[in-house]
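Quick notes on the structure that follows.
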Amino acid sequence: MSIFKSHIAQMGAYKPPLEGRDPHEHLLLDFNERTLPVCPAVKQAMIDFIQDDRLQCYPSYGNIATRLADYCSVAPEQVMITNGSDQGIDLIIRSACREGEEAIIPGPSFAMYHQVAKVENLKIIEPSYTKEEGFPKQAVLDAVSDRTRLIVISNPNNPSGTVVNRADILEIAKAAPDAAILVDECYFEYTRETVADVVDQYPNLLITRTFSKTWGLPSVRFGYVISHEANIRALLNVRGPYDVNQLAIAAIEAALDNPGYTEQYVKEVMEVSKPMFEDFLNRKGIDYWPSVANFIWTFPDNPEEIEKHLRTNHILVRPKADESGKVGLRVNLGNKAQTERLINTLSLII
Ligand SMILES: Cc1ncc(COP(=O)(O)O)c(C=O)c1O
């Protein structure tokens with residue numbers, strides 16, 4: 001007999017396959033991360049913070065929301081910082097939904113949405129993404145009821161790499177005005193697609209973003225939510241005053257001072273590495289989902305064998321099953337040299 005709510009005691013943990021991931025031993029193409037270290041100024045800012053003997057003080061966030069607001073072209077009152085976008089997802093779902101209400105979470109998608117929805121004991125409705133249509137817009141609209149309290153739009157979606165256009169997002173936001181429309185813009189810097197500019201007109205839109213991907217800082221855990229000012233005020237009632245650590249703030253300020261290192265990386269991944277890898281897949285006749293992000297969901301005939309071959313050659317990719325259970329390999333791209341290494345290694349077996 002557990003002291004906890006029975007549905008929580010019976011749940012499984014969200015356990016990403018982290019074991020053995022060593023960037024010095026492997027080329028890591030399995031978590032959609034940046035594959036290169038961050039710029040020296042970001043590392044130096046963290047070292048300087050430690051040397052300045054402030055570790056004994058509680059965090060205080062200064063003007064970071066204003067700096068982010070500038071970066072996003074929104075008002076500072078429309079931004080809240082979080083401990084990774086995972087925390088943004090958690091706060092939004094926890095604050096918006098009551099036990100037994102309905103969450104529409106198209107799948108397959110990022111595991112955190114289900115995890116939090118299960119913690120809140122929501123009824124999950126999961127229309128399927130398809131290779132032909134991508135986001136199942138009509139099925140989502142059809143599933144909206146007066147019990148719908150959450151709709152997740154992962155944009156672009158992980159693992160499919162598919163995008164939902166702005167008109168469709170706004171149509172869904174209008175169709176479910178009492179639901180939180182969680183638009184996950186985790187990969188924003190790759191796509192530049194956003195609805196941040198209309199959060200005032202659509203008060204049920206809640207956008208989560210992160211410094212974990214293009215900015216290369218998943219280890220410091222820093223994300224942010226963009227939404228209508230009233231939503232941000234409400235979410236700040238739930239988020240703790242110190243949930244984001246001060247070392248992360250030092251890193252993020254330096255990152256924002258040096259956007260070039262991110263822009264350059266995005267350019268190389270999207271304009272050189274991705275087309276190179278797509279060309280390889282096309283030449284080899286390997287099926288894949290068209291992606292707008294830095295990762296591609298590929299469906300070779302023998303995914304297990306290929307994953308093992310890559311692992312033996314110190315390259316990690318991520319097996320991910322589609323809605324029919326067919327296993328594909330989600331591969332994120334790095335710089336040109338890393339992509340050449342990937343292609344050369346794959347060529348030994350395909
Ligand atoms: C779609 C999506 N959202 C959110 C996250 C989590 O980001 P963070 O590290 O900011 O919690 C990921 C990480 O893989 C993701 O793919």
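- Between the side chain of Thr210 and the main chain of Gly84, no donor-acceptor pair closer than 3.5 Å is present.
- A donor-acceptor pair under 3.5 Å is formed between the side chain of Ser227 and the backbone N or O of Leu205.
- Each of Met270 and Tyr261 belongs to its own hydrophobic cluster when Ile, Leu, Val, Met, Phe, Trp and Tyr are linked at side-chain heavy-atom distances under 4.5 angstrom.
- For the 3.5 Å distance criterion, the side chains of Thr82 and Arg221 fail to qualify, holding no donor opposite an acceptor.
- The main-chain N or O of Gly260 is never found under 3.5 Å from a side-chain atom of Asn258 such that the two would form a donor-acceptor pair.
- Looking only at distances, no side-chain donor or acceptor of Thr214 sits under 3.5 Å from a matching main-chain atom of Glu189.
- Note: Arg34 CZ to Asn294 CG = 11.5 Å, rounded to the nearest 0.5 Å.
- Aromatic ring centres of Phe295 and Trp297: separated by at least 6.0 Å.
- Residues Leu68 and Ile232 do not share a hydrophobic cluster, defined by chaining ILVMFWY side chains whose heavy atoms lie under 4.5 Å apart.
- With hydrogens and angles ignored, the 3.5 Å screen pairs no side-chain donor or acceptor of Asn83 with any backbone N or O of Phe222.
- By the rule that hydrophobic residues join a cluster once side-chain heavy atoms approach within less than 4.5 Å of another member, Leu281 and Leu310 end up as members of one cluster.
- Between the side chain of Tyr190 and the main chain of Lys213, no donor-acceptor pair closer than 3.5 Å is present.
- Atom-to-atom distance recorded for Arg311:CZ and Thr345:OG1 is 14.5 Å, nearest 0.5 angstrom.
- For Asp30 against Arg21, the heavy-atom pair with the smallest separation is OD1-NH2, 2.7 Å.
- Annotation: side chain of Thr191 is not in contact with side chain of Asn155 (no heavy-atom distance under 4.5 Å).
- The main-chain N or O of Tyr265 is never found under 3.5 Å from a side-chain atom of Glu268 such that the two would form a donor-acceptor pair.
- Between Phe188 and Tyr71, the ring-plane angle classifies as perpendicular under the 30° and 60° cut-offs.
- For the residue pair Asn282 / Glu278, no side-chain donor-acceptor distance below 3.5 Å is found, with atom types taken as modelled.
- Using a cutoff of 4.0 Å between basic side-chain nitrogens and carboxylate oxygens, Asp90 and Arg94 are scored as salt-bridged.
- When all heavy atoms of Thr298 and Tyr288 are compared, the closest pair comes out as CA-CB, 4.0 Å.
- The two residues Gln338 and Leu36 come nearest to each other via the heavy atoms NE2-CD2, 3.8 Å.
- Salt bridge Lys336/Glu340: present, at least one basic N to carboxylate O contact under 4.0 Å.
- Listed for the Ser95 side chain is no donor-acceptor partner under 3.5 Å among the backbone atoms of Ile92.
- Between Leu333 atom CG and Thr339 atom OG1 the span is 5.0 Å, to the nearest 0.5 Å.
- Other cluster members for Phe31: Leu18, joined by side-chain heavy-atom distances under 4.5 Å among Ile, Leu, Val, Met, Phe, Trp and Tyr.
- Rounded to the nearest 0.5 angstrom, Asn231 CG and Leu91 CG are separated by 12.5 Å.
- In summary, the side chains of Asn32 and Arg330 do present a donor paired with an acceptor at a separation below 3.5 Å, with no hydrogens or angles considered.
- By the salt bridge (Lys or Arg N to Asp or Glu O under 4.0 Å) test, Glu102 is found to be paired with Lys123, residues two or more places apart in sequence or in another chain being considered.
- Under the side chain to side chain donor-acceptor pair (under 3.5 Å) criterion, the residue pairs touching residues 234-249 are Gln87-Asp243, with sequence neighbours excluded.
- Every side chain to side chain contact (heavy atoms under 4.5 Å, CB included) that Glu25 has, sequence neighbours left out, goes to Asp22, His314.
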Would you list the atom pairs, donor with acceptor, under 3.5 Å between side chains in residues 105-119 and any protein atom, with sequence neighbours excluded?
| unit_1 | atom_1 | unit_2 | atom_2 | d |
| --- | --- | --- | --- | --- |
| Ser109 | OG | Asn157 | OD1 | 2.5 |
| Tyr113 | OH | Ser154 | OG | 3.0 |
| Tyr113 | OH | Asp184 | OD2 | 2.6 |
| Gln115 | NE2 | Gly12 | O | 3.1 |

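- Between the side chain of Asp322 and the backbone N or O of Ser324, at least one donor-acceptor pair lies under 3.5 Å.
- Looking at residues two or more places apart in sequence or on another chain, you find a side chain to side chain contact (heavy atoms under 4.5 Å, CB included) between Asp279 and Arg283.
- When all heavy atoms are compared, the tightest approach of Glu120 to Cys97 is OE1-O, 4.3 Å.
- Side-chain atoms of Ser85 do not come within 3.5 Å of backbone N or O of Gly88 as any donor-acceptor pair.
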